[in-house]
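Read the structure below first, then the notes.
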Protein chains: 2
Amino acid sequence: MNLGLTPNAADRPPRRGRIRLKNETRIMLAAEDVFGRLGYHAATTALVAQRAGMPKANLHYYFKTKTDLYVKLLESIVTMWWQATESIRSDEEPAAALSRLVRAKIELSRQRPLASRIFAAEIVSGAPHLLPFLRGPLRAMVEEKSRVIERWIELGKMDRVDPKHLFFQLWALTQTYADFSDQIAAVLGKRRLTRQDYTPAADRVTRLELKGIGIGAGERATVARRSAEPPHPV
Amino acid sequence: MNLGLTPNAADRPPRRGRIRLKNETRIMLAAEDVFGRLGYHAATTALVAQRAGMPKANLHYYFKTKTDLYVKLLESIVTMWWQATESIRSDEEPAAALSRLVRAKIELSRQRPLASRIFAAEIVSGAPHLLPFLRGPLRAMVEEKSRVIERWIELGKMDRVDPKHLFFQLWALTQTYADFSDQIAAVLGKRRLTRQDYTPAADRVTRLELKGIGIGAGERATVARRSAEPPHPV
DNA sequence: GTCTATACTTGGATAGAC
DNA sequence: GTCTATCCAAGTATAGAC
């Protein structure tokens, strides 16, 4: 899948050495940590290199510039996120499909909170590197998935809502638990959110959304089965 | 209201000259623009000064450091945001109170999108300057407003949901239209969101939320009355 | 492919005349 | 209170030996 971030695949030769692959992976992991915590401009290549356990010059040997590293990191993050929304299919029941989408996105928020923040920071700052992706592949994917939603509406399976805004709302509700987790934790009187906070969060979001768009039957069983939490107030 | 950002009010003498006030205002406005578009680290004091129409040295005459300017800006933004959530009162009907909250927050998102982004960027980057505020005044305010929600629940006016997470969800749903407006506009195939996008957005969020938490009666009339849009699908 | 030393640039902050 | 010139720290990127 080409996400429109790199103009062509010929930028990098397909055949790469083992050492290169290993070091690039180390650098990318360190970069996710540093960029995720500090943001693009506050992050320094020296710190990324230090976290990756190598001198700064080595980092620049593998990634020509700081921006180069950042864009490749964005690309890997977007690829990961892509799959969660993509999985909406017309041969499923909306309750099952949507609750799975919510669950997948919140699970990603839990496992890779820093990746989510890098994406969020990029969008908040005007999406300077992602606009082509947003206007191209993402828009096309949302258009396609919106037709699935429209079909469910025609079949009377849910309220007549605007499908695109349904996605905007789902993205907002799920990503807030990663991007704004410090605010949420602070208000809850915790130091940070733990695994035990995310599962009920996913259930809360699922129930709100399903009930809010008029999917009444089936979701309770679905939510209860998928959740590790005992049935309890939203 | 002391939001816990400045240790004590004696930092600055209460009595200030007219010239100082005028120039500080110009700088703050320029700073909201520059910090909002570029983020704290990418923003430069030279650019803020230029937008304010003065040499860099003057800016530093009024604000000792870049961080100083940024924190004062954050303070003014938080004060503005504060009032939208604060307005929840127990002597109101939940439908009216919550739809007013959504409307107020989305209206702020429309009028001051850059202010919203500055706040969002601060939280996404770990809230280094706002943690005391989040753990103190904000937490206390949410606790207090949660008791209002609890009361509504006891009275059977809405579903038994977790009041704090209700706020988290409302914040996420409303702020996404400011913080992620570039993504939303891109997916909608627009260059940017206009006034005509925000009013129906507020209605969509209100309907989802009210229906989602079991407030069935009354919201249709409320939403229709407050909206400039003709009744139409969510 | 690795590493030390360093060149070069940007940007925050101030000195000191007016 | 204003402004020019400047200092200095930080950070990206590279040269060149190994």
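Lettering follows sequence order; numbering is per chain, from 1.
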[N] [atom2] sits how many Å from [X] [atom1], rounded?
X: B:Asn58; N: C:dG12; atom1: CG; atom2: C1'; result: 15 Å
X: B:Gln50; N: D:dC3; atom1: CD; atom2: C1'; result: 16 Å
X: B:Leu59; N: D:dC3; atom1: CG; atom2: P; result: 13 Å
X: B:Lys64; N: C:dA13; atom1: NZ; atom2: C1'; result: 8 Å
X: A:Tyr62; N: D:dA13; atom1: OH; atom2: P; result: 18 Å
X: B:Met54; N: D:dT4; atom1: CE; atom2: C1'; result: 16 Å
X: A:His41; N: C:dG11; atom1: NE2; atom2: C1'; result: 13 Å
X: A:Leu47; N: D:dA10; atom1: CG; atom2: P; result: 14 Å

Considering just the side-chain nitrogens and oxygens of [X], establish if one lies under 4.0 Å of OP1 or OP2 belonging to [N].
X: A:Thr44; N: D:dG11; result: no
X: A:Thr45; N: D:dG11; result: no
X: A:Lys56; N: C:dT4; result: no
X: B:His60; N: C:dT14; result: no
X: A:Asn23; N: C:dT2; result: yes
X: B:Tyr61; N: D:dC3; result: no

DNA chain C: 5'-proximal contact among B:Tyr40 and A:Ala57 (nearest heavy atom)
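Nearest nucleotide further toward 5': that of A:Ala57.
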Tell whether A:Lys66 reaches the base of D:dG11 with its side chain through a donor-acceptor pair below 3.5 angstrom.
no
Pick base, sugar-phosphate or nothing for B:Ala49, based on heavy-atom distances below 4.0 Å to the nucleic acid.
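The answer is nothing, as B:Ala49 stays clear of every strand by at least 4.0 Å.
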Remember a base hit wins even if backbone is also touched, and classify B:Ala43 as base, sugar-phosphate or nothing at under 4.0 Å, heavy atoms.
sugar-phosphate
Between A:Ser109 and A:Lys105 (side chain of the first, backbone of the second, donor and acceptor by atom type, cut-off under 3.5 Å), is there such a pair?
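Checking the backbone N and O of A:Lys105 against the side chain of A:Ser109, a donor-acceptor pair under 3.5 Å is found.
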Closer than 3.5 angstrom, by distance alone: can the side chain of A:Arg110 be matched with the main-chain N or O of A:Tyr198 as a donor-acceptor pair?
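The answer is no, because no donor-acceptor pair under 3.5 Å joins these two groups.
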Can you classify the ring geometry of A:Phe168 versus A:Trp171 as parallel (below 30°), tilted (30 to 60°) or perpendicular (above 60°)?
tilted
Under-4.0 Å salt bridge between A:Glu143 and A:Lys164:
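A salt bridge links A:Glu143 with A:Lys164.
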I'd like to know if B:Glu86 and B:Lys145 make a salt bridge, using a cut-off of under 4.0 Å between side-chain N and carboxylate O.
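Salt bridge: no.
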Among C:dG1, D:dT14, D:dT2, which is the nearest nucleotide to the side chain of B:Ile19?
D:dT2
Can you tell which of C:dC3, C:dA13, D:dG1 lies closest to the side chain of A:Pro55?
C:dC3
